[in-house]
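What follows is a short report on a single structure.
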Amino acid sequence: MSYSTLLVEVDSEGIAVVTINRPTKLNALNAEVLADLDDWFTSAATDSAVKGIILTGAGPKAFVAGADISQFKELGPVEGKAFADYGQGVFNKIEGSAKPVVAAVNGFALGGGSELALACHMRVASDNALFGQPEVNLGILPGYGATQRLPRIVGKGIATELILSGNMVNAERAHAIGLVNHVYTSEELLPGARKLIGTIISKAPIAVAFSLEALQYADLPQAEGLQKEADLFGQACGTDDFQEGVDAFLGKRKAVFKGK
Ligand code: COA
């Protein structure tokens with residue numbers, strides 16, 4: 001299936017590189033991009049050819065420079081709430097993916113672009129990346145998740161400063177505050193993201209999916225989260241891959257996981 005705003009390539013290993021492709025508008029998120037992302041992530045969930053996902057932006061300048069501001073003129077209170085609800089729904093789907101998703105941030109990640117990266121499971125950046133939540137400059141606040149996800153990733157104090165000031169942070173600072181896991185040159189960004197996803201998809205797929213699910217419960221009160229972890233641990237112990245992992249270790253050989 002082809003998309004008007006996305007370029008998708010899936011390699012033989014099962015790594016899908018999904019590129020948001022509106023470079024002349026710095027890959028700003030309009031309704032079409034959100035619908036395409038929603039549709040692609042829905043189909044990728046059941047596509048056995050896709051094992052891990054890299055999300056990036058077309059061109060040398062931007063990952064995503066935000067929600068498409070040209071749409072904002074139409075927004076009143078009712079439309080604004082619907083706009084935020086819809087975008088949040090798409091981003092929740094990305095965050096809820098059972099397959100690992102890495103944002104490869106190759107330039108501006110502003111507003112909804114920063115929030116899209118926050119909804120991915122991990123972020124890596126090129127050394128020219130700039131992150132920011134500039135919504136206050138437009139008389140609004142983030143609507144696609146930054147007030148909730150950013151403090152969970154970088155802590156409330158730093159998130160508050162970023163959201164209230166609209167200041168951008170560069171890749172070095174983003175790394176220092178834990179917003180990105182690794183920083184690469186522009187040329188090394190996709191190879192670096194591939195290496196990270198490649199490592200993850202070589203592991204037992206159900207264990208990876210359950211780990212992603214358990215990590216989402218890190219926001220629950222700890223006792224509840226621990227209970228969820230124990231439930232998922234029990235389920236993992238019922239998989240063939242668990243038997244295989246243990247047998248392979250004890251037999252001093254490499255495990256061959258089947259995702260069962
Ligand atoms: N929505 C719609 N269009 C956008 C956009 C956005 N969020 N960000 C960039 N664009 C468009 C510009 O309007 C311009 O289009 P044009 O060539 O048809 O005029 C094109 O992308 C290139 O952007 P430009 O502003 O010329 O590039 P720049 O290098 O001078 O500045 C930015 C780059 C990112 C600093 C600047 O584009 C910007 O501030 N964008 C908005 C960021 C923002 O507030 N995002 C949050 C929205 S909630």
Side-chain angles (χ1 to χ4, degrees), residues 3-7 18-38 55-95 103-120 123-151 153-154 158-174 177 179-180 183 185-186 189:
Y3 294 91
S4 59
T5 70
L6 302 180
L7 301 171
V18 179
T19 306
I20 299 173
N21 189 30
R22 295 185 75 210
T24 58
K25 296 292 176 190
L26 304 186
N27 306 316
L29 300 173
N30 60 12
E32 214 178 342
V33 179
L34 289 177
D36 282 353
L37 283 171
D38 192 25
L55 195 55
T56 193
K61 223 172 140 177
F63 173 67
V64 168
D68 192 322
I69 298 171
S70 67
Q71 302 176 134
F72 283 12
K73 281 288 221 185
E74 298 149 25
L75 300 184
V78 173
E79 298 81 5
K81 166 81 164 60
F83 174 91
D85 282 340
Y86 178 62
Q88 286 185 11
V90 176
F91 288 14
N92 287 344
K93 184 173 287 180
I94 295 172
E95 185 178 52
V105 177
N106 55 313
F108 291 112
L110 302 177
S114 163
E115 291 169 300
L116 178 60
L118 294 170
C120 296
R123 287 147 295 284
V124 297
S126 57
D127 50 16
N128 67 333
L130 285 168
F131 291 80
Q133 297 296 153
E135 288 88 350
V136 284
N137 297 324
L138 299 170
I140 47 176
L141 69 156
Y144 288 172
T147 65
Q148 303 307 302
R149 292 195 177 99
L150 192 56
I153 293 170
V154 303
I158 288 173
T160 302
E161 179 179 336
L162 290 176
I163 290 169
L164 299 191
S165 70
N167 288 342
M168 294 187 210
V169 293
N170 64 18
E172 189 188 351
R173 173 84 179 131
I177 63 179
L179 185 51
V180 303
V183 178
T185 61
S186 295
L189 178 65

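None of these values were measured; they are calculated from a predicted model. First listed ligand is number 1; within each ligand, the first listed atom is number 1.
Remark: ligand 1 atoms within the under-4.0 Å shell around heavy atoms of Lys61 are 27 (O), 28 (P), 29 (O). Close approach to Leu110 involves these atoms of ligand 1, each under 4.0 Å from a residue heavy atom: 34 (C), 42 (C). The contact set between ligand 1 and Ala28, taken as ligand atoms under 4.0 Å from a residue heavy atom, comprises 1 (N), 2 (C), 6 (C).
Looking at ligand 1, you'll find an N or O of Ile69 within less than 3.5 Å of one of its N or O atoms. Geometrically, ligand 1 and Lys25 share a nitrogen or oxygen pair separated by less than 3.5 Å.
Using a 4.0 Å threshold on non-hydrogen atoms, atom 24 (P) of ligand 1 does not count as touching the protein. Counting only heavy atoms, the protein never gets under 4.0 Å from atom 38 (C) of ligand 1. Atom 13 (O) of ligand 1 is never approached by the protein to below 4.0 angstrom, counting heavy atoms only. The protein reaches atom 7 (N) of ligand 1 closely, with a heavy atom under 4.0 angstrom from it. There is a protein heavy atom closer than 4.0 angstrom to atom 29 (O) of ligand 1.
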Problem set entry | Verdict with reasoning, Asp36 to Thr5, per side chain to side chain donor-acceptor pair (under 3.5 Å) | CA-CA 7 Å; Asp36 282 353; Thr5 70; 2.7 Å; yes
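Residues Thr19 and Asn21 bring no donor and acceptor atom of their side chains to less than 3.5 Å of each other.
The proximity of Asn137 to ligand 1, defined as any non-hydrogen pair under 4.0 Å, does not occur for either the backbone or the side chain.
Note that CE of Met168 and CZ of Phe131 are 12.0 Å apart. Values are rounded to the nearest 0.5 Å. Note that the OG atom of Ser114 and the CZ atom of Arg149 stand 11.0 Å from one another [nearest 0.5 Å].
In this structure the side chain of Asn30 reaches within 4.5 angstrom of the side chain of Arg22, judged on heavy atoms. Between Ile153 and Leu118 there is a side-chain heavy-atom pair separated by less than 4.5 Å.
Contact record, Glu32 with Ser4: OE2-OG, 2.6 Å, taken as the closest heavy-atom pair.
Which of Ala62, Ala67, Ala65, Gly143 comes nearest to atom 45 (N) of ligand 1 through a heavy atom is settled by distance: it is Ala65. Selection from Thr24, Asp68, Leu26 by nearest heavy atom to atom 20 (C) of ligand 1 gives Thr24.
Ring geometry for Phe83 versus Tyr144: interplanar angle under 30°, hence parallel rather than tilted (30 to 60°).
The single protein non-hydrogen atom nearest to atom 46 (C) of ligand 1 is Pro134 CG, 3.8 Å, given as residue, atom name and distance.
Taking the charged nitrogens against the carboxylate oxygens, Asp38 and Lys93 do have a contact shorter than 4.0 Å, which makes a salt bridge.
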